[in-house]
Amino acid sequence: MPAATTSDNLFMSRPFTAPGGFTAGIEGPACDVEGNLYAVNYARQGTIGKVTPDGECSVFLELPNGSIGNGIRFNRAGFMFIADYINHNVLKVDMDTREVSVHAHSLALNQPNDLAIGANDIIYASDPNWADSTGRIWRIGSNGAVSCLESRMGTTNGIEVSADERKLYVNESDQRNIWEYDLSSDGEIRNKRPLIQFADYGMDGMRCDVRGNLYVTRWGKGTVAKISPRGELLMEIELAGKNCTNLAFGGADGCLCYVTVADRGNVEYFRTDVPGRSWLLKRRG
């Protein structure tokens, strides 16, 4: 069981699951309202793993048709959405029946990678082309309609909606940029501007806390960067592993930050001072 919050153990990473339980393809992750954590590729590729609040791991489901997941998000109704980069899909999972259906599909997608979701249930997907170091951003409506928001970008990867729902953040792994857009209520973006650029190492998944700070996994560096809404680097939380892929907020108070780590095949966690946006969003639904 993760440790209780004290001023002495904030932002100190600890192991949550044993190394090697997940494959090097560990990604996702996302928490349901009961506090269970889900991440892709537990035990073998093509699965969704479930980790209870006590750290007990199991295979939650096997994805059909050779699909392999990447980013995971939950909507207000509790359905799970999974970026399936093999079959150019965003999958939808009924958590009660474990039925998997195709929520959105387009062959125009290189490979849906990370997902973000607004309070209006609009999904945003990063779409990198790793071979060419290029990428795009897609919007996926609550009805599954797919539309391209921007193309001709760098290697798009992490993506997140701001705490006030007025901004969309997207990073470019190879170029080490994080971009900020104004986000409309119907999911349109405009006024692209740089938030921050790093001089070294890559980036992967991103999540916001309720104060608007952005947490970014620094692939290869083994840290999670905490960035203010003004683009200031506030701190970097050191991890045991180096190839951190993504993160999610959970726990009883929303202040547990779980980090998926590819080179160790496990999940680490640290405590934050305020809850995550996604944790609060599910409780407003």
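Residues M203 and F198 have side chains in contact (heavy-atom distance under 4.5 Å, counting atoms from C-beta outward). Between V267 and L37 there is a side-chain heavy-atom pair separated by less than 4.5 Å. Counting only heavy atoms from C-beta outward, the side chains of T260 and F22 never approach each other to under 4.5 Å. Using a 4.5 Å heavy-atom cutoff, the side chains of N266 and F16 are not in contact. Contact check for T156 versus N171: no side-chain heavy atoms found under the 4.5 Å cut-off. Proximity of D84 to V90: side-chain heavy atoms (C-beta onward) are nowhere separated by under 4.5 Å. Side-chain contact between I227 and I178: present, with at least one pair of heavy atoms (C-beta onward) separated by less than 4.5 Å. When side chains are defined from C-beta on, E165 counts as touching L281, because their heavy atoms get closer than 4.5 Å.
Between the E268 side chain and the A240 main chain, a donor and an acceptor come within less than 3.5 Å of each other. No donor-acceptor distance shorter than 3.5 angstrom exists from the side chain of S162 to the backbone of L168, with no hydrogens or angles considered. For R76 (side chain) and N120 (main-chain N/O), no donor-acceptor pair under 3.5 Å exists by modelled atom type. Q175 contributes a side-chain N or O that, together with a main-chain N or O of S133, makes up a donor-acceptor pair within less than 3.5 Å. Within the 3.5 Å criterion, the main-chain N or O of N75 finds no donor-acceptor partner in the side chain of D121. With hydrogens and angles disregarded, no donor-acceptor distance shorter than 3.5 Å links the side chain of N9 to the backbone of R271. No donor-acceptor pair under 3.5 Å is formed between the side chain of H88 and the backbone N or O of H105. With hydrogens and angles disregarded, no donor-acceptor distance shorter than 3.5 Å links the side chain of T47 to the backbone of V59. Using a distance-only test at 3.5 Å, with no hydrogens or angles considered, no donor-acceptor pair links the side chain of T223 to the main chain of A225. A donor-acceptor pair under 3.5 Å is formed between the side chain of D164 and the backbone N or O of R166.
Atom CZ of R152 sits in a sparse spot, with 12 or fewer heavy atoms from other residues, nucleotides or ligands closer than 6.0 Å. Environment of CD in E62: crowded, with over 12 heavy atoms of neighbouring residues, nucleotides or ligands closer than 6.0 Å.
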(request) Determine, step by step, whether D209 and T272 satisfy the side chain to side chain contact (heavy atoms under 4.5 Å, CB included) criterion, reporting the C-alpha distance in whole Å, the side-chain angles of both residues, the deciding distance to 0.1 Å, and the verdict. (result) CA-CA 9 Å; D209 68 21; T272 61; 6.0 Å; no
(request) May I have the step-by-step check of side chain to side chain donor-acceptor pair (under 3.5 Å) for D54 and T52, ending in yes or no? (result) CA-CA 5 Å; D54 292 325; T52 69; 5.0 Å; no
(message) Pair N110, W130 - check side chain to side chain contact (heavy atoms under 4.5 Å, CB included), show working.
(response) CA-CA 9 Å; N110 296 312; W130 295 101; over 6 Å; no
(request) Mind running salt bridge (Lys or Arg N to Asp or Glu O under 4.0 Å) on K221 and E236 for me, showing each step along the way? (result) CA-CA 10 Å; K221 189 176 185 181; E236 289 198 76; 2.8 Å; yes
(request) Decide side chain to side chain contact (heavy atoms under 4.5 Å, CB included) for N89 and H103; before the verdict, give the C-alpha distance in whole Å, the side-chain angles of both, and the deciding distance to 0.1 Å. (result) CA-CA 7 Å; N89 295 326; H103 176 66; over 6 Å; no
(request) Please test D204 against W219 for side chain to side chain donor-acceptor pair (under 3.5 Å), starting from the C-alpha separation and ending with a verdict. (result) CA-CA 6 Å; D204 205 325; W219 171 273; over 6 Å; no
(request) For side chain to side chain contact (heavy atoms under 4.5 Å, CB included), just list the numbers for N41 and I68, CA-CA rounded to whole Å, side-chain angles, deciding distance to a tenth of an Å, and then say yes or no. (result) CA-CA 8 Å; N41 301 321; I68 299 177; 3.8 Å; yes
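The CD atom of E188 sits 12.5 Å away from the CG atom of D182 when rounded to the nearest 0.5 Å. The distance from the CD1 atom of I122 to the CG atom of L183 is 7.5 Å, given to the nearest 0.5 Å. Distance check: R264 CZ to I26 CD1 gives 11.5 Å after rounding to the nearest 0.5 Å. Residue L214 holds its CG atom at 11.0 Å from CZ of R277, rounded to the nearest 0.5 Å. The structure places CD1 of I196 at 11.5 Å from OH of Y169, a figure rounded to the nearest 0.5 Å. Of the inter-residue distances, the one linking L115 atom CG with F81 atom CZ reads 9.5 Å to the nearest 0.5 angstrom.
Note that K92 lies in the cation-pi zone of F79, set by a 6.0 Å cut-off to the ring centre and a 45° limit from the axis.
Using a 4.5 Å cut-off between side-chain heavy atoms of Ile, Leu, Val, Met, Phe, Trp and Tyr, with links allowed through other members, L234 and V274 fall into different hydrophobic clusters. Hydrophobic clustering of Ile, Leu, Val, Met, Phe, Trp and Tyr side chains at less than 4.5 Å, counting indirect connections, keeps L109 apart from Y85. Both I117 and V146 belong to a common hydrophobic cluster when Ile, Leu, Val, Met, Phe, Trp and Tyr are linked at side-chain heavy-atom distances under 4.5 angstrom. F11 and L239 fall within the same hydrophobic cluster, where Ile, Leu, Val, Met, Phe, Trp and Tyr residues are linked whenever their side-chain heavy atoms come under 4.5 Å apart, directly or through other members. The hydrophobic clustering, which links ILVMFWY residues whose side-chain heavy atoms are closer than 4.5 Å, places Y124 and M153 together.
Taking the centre of each ring, F249 and Y215 come in below the 6.0 Å mark.
Between K226 and D273 there is a salt bridge, since at least one side-chain N of the basic residue sits less than 4.0 Å from a carboxylate O of the acidic one. Using a 4.0 Å cut-off between charged nitrogen and carboxylate oxygen, R218 and D200 count as a salt-bridge pair. A salt bridge is defined here as a Lys NZ or Arg NE, NH1 or NH2 lying under 4.0 Å from an Asp or Glu carboxylate O, and K192 with E180 fails to meet this definition. Between R73 and E160 there is a salt bridge, with a side-chain nitrogen of the basic residue lying less than 4.0 Å from a carboxylate oxygen of the acidic one. Under the 4.0 Å criterion applied to side-chain N and carboxylate O atoms, R190 and E150 are not assigned as salt-bridge partners.
In this pair, Y258 and Y269 present their aromatic rings tilted. The plane angle is within the 30 to 60° band.
Through direct or relayed side-chain contacts under 4.5 Å between Ile, Leu, Val, Met, Phe, Trp and Tyr, M80 connects to Y38, V40, I48, F60, L61, L63, I72, F74, I82, L91, V93, M95, V100, V102.
Judged as a ring pair (Phe, Tyr, Trp, His ring centres under 6.0 Å), and not counting sequence neighbours, F270 has no contacts.
Contact record, C208 with G212: SG-O, 4.3 Å, taken as the closest heavy-atom pair. Smallest separation of non-hydrogen atoms from G144 and A104: O-CB, 3.4 Å. The shortest non-hydrogen separation linking L247 to C257 is CB-SG, 4.0 Å. A pairwise comparison of heavy atoms in L195 and S228 identifies CD1-O, 4.4 Å as the closest pair.
Partner of N157 under the side-chain hydrogen bond (donor to acceptor under 3.5 Å, both in side chains) criterion, out of N113, N70, T245, D174: N113 alone.
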